[in-house]
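The structure appears below as structure tokens.
Side chains are part of it too, since the values below use all heavy atoms of this structure and drop only hydrogens, waters and symmetry mates. All values derive from a computational prediction rather than experimental measurement.
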2 protein chains.
Amino acid sequence: MAKTRNRATGLPTLAEVAERAGVSPITASRALRSVPTVDPDLVDRVRQAARSLGYVPNPAARTLASARSRTVVVLIPALSNHLFIEMFEAIETVLRARGFEPLLGHYQYDALEEERLIRTFLTYQPCGLLLTGFDQTPAATRLLTDCGLPRVHMMELGEETEIPSVGFSQDEAGTAVAWHLISRGRRRFAFLGAQLDRRVLQRRDGFQRALLEAGMQPAVEFLSPDPSSIALGCQQFRSLRRDYPDIDAIFFCNDDLAFGASFEAARMGVPVPRQIAFVGFNDLPGANELVPRLTSVRTPRAEIGRVAARRLLALLDGETLSQPALDIGFELMPRQSS
Amino acid sequence: MAKTRNRATGLPTLAEVAERAGVSPITASRALRSVPTVDPDLVDRVRQAARSLGYVPNPAARTLASARSRTVVVLIPALSNHLFIEMFEAIETVLRARGFEPLLGHYQYDALEEERLIRTFLTYQPCGLLLTGFDQTPAATRLLTDCGLPRVHMMELGEETEIPSVGFSQDEAGTAVAWHLISRGRRRFAFLGAQLDRRVLQRRDGFQRALLEAGMQPAVEFLSPDPSSIALGCQQFRSLRRDYPDIDAIFFCNDDLAFGASFEAARMGVPVPRQIAFVGFNDLPGANELVPRLTSVRTPRAEIGRVAARRLLALLDGETLSQPALDIGFELMPRQSS
DNA sequence: TCCGCACAAGATAGCGCTATCCTTAACTCT
DNA sequence: AGAGTTAAGGATAGCGCTATCTTGTGCGGA
């Protein structure tokens with residue numbers, strides 16, 4: 001008996017479960033993994049033995065023996081962006097329900113760090129990966145291709161590729177914001193951006209293109225490589241007011257910049273939206289409570305996480321996805337600030 | 001050669017490194033783990049062989065063979081609270097630098113879910129744990145004691161216990177806020193709380209006790225079991241104004257409640273701090289930018305994470321901590337709102 | 001010179017599972 | 001009835017490492 005216990009933790013092992021159920025270890029293993037060739041009565045007996053012993057499989061042994069784990073690597077650019085947290089929580093819920101464990105990594109928007117993470121996490125022999133965007137380094141892309149593991153990219157749509165992705169068109173979102181501001185009679189535009197990842201730039205491009213097509217002057221740009229934050233929004237707004245006092249509409253690449261600008265505008269006595277209209281992005285918690293309530297683009301990050309996780313599970317089940325790039329859209333939330 | 005490759009990933013194994021370095025696998029293993037009995041020349045040769053092959057150890061095999069991993073379980077109440085994200089990022093930095101990998105879990109402030117996580121994560125045979133607070137279930141506490149793994153509790157200080165902890169006195173923080181508000185001439189107090197974990201209640205208790213000792217009326221309490229959020233702050237502030245229009249100072253258990261209340265006050269035309277003073281908690285990003293700038297208690301969460309991780313590493317190195325409960329204080333940040 | 005000792009390096013075994021055969025028994029079909 | 005077929009369950013081996021024991025080597029002291 002004691003011999004069958006895990007030497008370090010004292011936890012019961014599969015051998016002990018098998019003994020109690022009166023079957024061989026391999027049958028117990030199969031029963032617990034729902035391998036269909038096992039007699040239902042035996043499955044019951046094994047399951048019950050496992051329950052009564054409080055048996056939990058040893059993931060290290062499982063991974064080593066099967067050369068495959070129940071782990072799904074999830075990589076997000078940063079933990080400090082609430083956007084990705086919500087996406088991750090949705091992923092986690094879907095995966096856990098099917099007995100998979102997410103392994104979370106983040107890389108501060110640094111593609112080289114992302115590559116390093118991929119290299120490290122592949123040694124954990126995950127069964128699949130969920131990645132944010134398509135801006136991996138060439139070396140990372142090679143690693144991903146070579147390992148042959150199923151993966152789904154999130155937030156951005158893969159164009160001209162068979163690689164599964166779930167997201168929305170960042171470009172179209174920028175366009176929608178432009179139309180909205182134009183329709184409200186705005187004429188002199190600015191784009192305030194931080195953390196210049198691909199998606200921010202796609203938004204910017206869509207915004208600028210729409211302005212151009214509408215015959216407007218291109219938007220003034222204030223771009224910062226720093227992470228977007230409320231404090232940065234304050235700074236950028238002050239700079240903008242100093243250099244371009246006649247701007248009458250701002251599109252912020254993220255709501256926290258808009259929050260900061262909103263605070264600064266109040267302090268400076270600049271009336272929003274009378275003198276200047278604000279449109280944020282992501283519709284983060286608080287956007288609807290801000291004074292004035294902030295117009296923003298609601299991004300379906302929880303839905304993206306959920307769908308991406310489900311797609312990955314489908315791939316693991318051997319299904320094929322009819323449509324690799326799945327666009328689940330976005331929603332403009334017009335509020336007081338514009 | 002091919003025989004020594006990992007069957008699933010095609011990655012080189014320790015056997016291949018050993019062969020290239022001209023030593024036995026076990027010597028290679030020892031060299032890479034810096035076991036001191038290996039000849040420095042051999043260590044060099046092995047290290048170089050490993051580098052040239054791009055060798056990375058297989059964590060599953062390592063864990064299985066040694067019954068111990070390089071994994072540290074880190075449990076936080078929720079991902080959606082920026083406080084814990086900052087703490088985790090600091091932990092991660094310290095652990096990674098020493099070759100340890102954090103395994104992050106969160107439990108939505110649910111002690112039973114925390115217990116389940118502990119049970120699951122122990123099967124990963126971590127080498128230690130970092131936990132938030134001291135409000136584990138009795139069963140979880142038993143699990144933790146039985147497994148005998150080193151652990152450090154964060155954010156709260158363990159009283160009358162030898163279990164290592166790093167944090168500050170939540171109670172004293174509440175007291176400090178009370179003194180501050182009293183010193184500013186405030187007389188009618190409210191405490192708005194959400195997500196009623198132990199630490200929130202300790203803050204409340206410290207606040208109320210100080211008021212009592214100063215001969216003040218006890219603070220009116222608005223407590224919600226829901227997670228704290230900007231939207232909830234709005235609601236609670238409206239309710240408070242409706243039921244107790246003469247309150248002249250509010251202590252919020254978290255800054256986001258104060259943010260919401262601040263927005264709502266602006267909308268309702270209630271002047272802050274003239275008619276009512278606000279004090280938040282945690283000094284989250286944006287507190288210093290809010291209009292009016294928010295008085296808050298700066299909690300050293302990054303420092304807590306850093307120190308806790310370092311203490312755990314010290315325990316793993318076999319050191320003993322002279323002082324189990326380490327108080328690293330807090331700082332009241334008086335600003336415009338009070 | 002020989003013995004014993006310290007210590008570096010290797011041989012061996014096994015961690016707790018699962019992949020892959022292999023056995024056995026029940027059944028079908030001619 | 002006998003060969004062939006199918007399927008359930010077990011025996012065996014091995015995943016890639018490391019704990020532990022064993023061996024070999026060099027050295028000092030009697």
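Looking only at atom types and distance, the side chain of Ser34(A) has a donor-acceptor partner in the side chain of Arg47(A) under 3.5 Å away.
For dG16(D), neither phosphate oxygen OP1 nor OP2 lies less than 4.0 angstrom from any side-chain nitrogen or oxygen of Tyr124(A). Tyr55(A) has a side-chain polar atom (N or O) that falls below the 4.0 Å cut-off from OP1 or OP2 of dC17(C). For dA19(D), the OP1/OP2 oxygens have a side-chain nitrogen or oxygen of Arg33(B) closer than 4.0 Å.
Partner of Ile304(A) under the side chain to side chain contact (heavy atoms under 4.5 Å, CB included) criterion, chosen from Leu83(A), Val166(A), Thr132(A): Val166(A).
A salt bridge is absent between Glu101(A) and Arg70(A): the closest approach of a Lys/Arg side-chain nitrogen to an acidic carboxylate oxygen does not fall below 4.0 angstrom. A salt bridge is absent between Asp39(A) and Arg45(A); no separation between the charged side-chain nitrogens and carboxylate oxygens falls under 4.0 Å. One finds a salt bridge joining Arg199(B) and Glu156(B) here, because a Lys/Arg side-chain nitrogen approaches an Asp/Glu carboxylate oxygen to under 4.0 Å.
The nearest whole Å value for the distance from the CZ atom in Arg70(A) to the P atom in dT18(C) is 11 Å. Counting to the nearest Å, the P atom of dC17(D) and the CG atom of Asn58(B) are 5 Å from each other. Spacing between atom CZ of Arg62(A) and atom P of dT18(C) amounts to 5 Å, rounded to whole angstrom units. Here dC15(C) presents its P atom at 16 Å from CG of Leu11(A), a figure rounded to the nearest Å. Here the C1' atom of nucleotide dC15(D) and the CD atom of Gln125(A) are 9 Å apart, to the nearest Å. Distance Leu32(B) CG to dT18(D) P: 8 Å, rounded to the nearest Å. One can place CD of Glu19(B) at 15 Å from P of dG16(D), the figure rounded to the nearest angstrom. When the P atom of dG14(C) is taken as reference, atom CG of Leu64(A) falls 16 Å away, rounded to whole Å.
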Protein-nucleic acid N or O pairs under 3.5 Å, nucleotides 8-10 of chain D:
residue: dA8(D); atom: O5'; partner: Thr37(A); partner atom: O; Å: 3.1
residue: dG9(D); atom: OP2; partner: Asp39(A); partner atom: N; Å: 2.7
residue: dG10(D); atom: OP2; partner: Ser24(A); partner atom: N; Å: 3.3
residue: dG10(D); atom: OP2; partner: Ser24(A); partner atom: OG; Å: 2.9
residue: dG10(D); atom: OP2; partner: Thr27(A); partner atom: OG1; Å: 2.3
residue: dG10(D); atom: N7; partner: Arg30(A); partner atom: NH2; Å: 2.7
residue: dG10(D); atom: O6; partner: Arg30(A); partner atom: NH1; Å: 3.4
residue: dG10(D); atom: O6; partner: Arg30(A); partner atom: NH2; Å: 3.0

Show your working on side chain to side chain contact (heavy atoms under 4.5 Å, CB included) between Glu89(A) and Leu79(B) and close with a plain yes or no.
-> CA-CA 8 Å; Glu89(A) 288 182 329; Leu79(B) 288 171; 3.8 Å; yes
With side chain to side chain contact (heavy atoms under 4.5 Å, CB included) as the test, would you mind laying out the steps for Val74(A) and Glu92(A) before giving the verdict?
-> CA-CA 9 Å; Val74(A) 183; Glu92(A) 198 173 29; over 6 Å; no
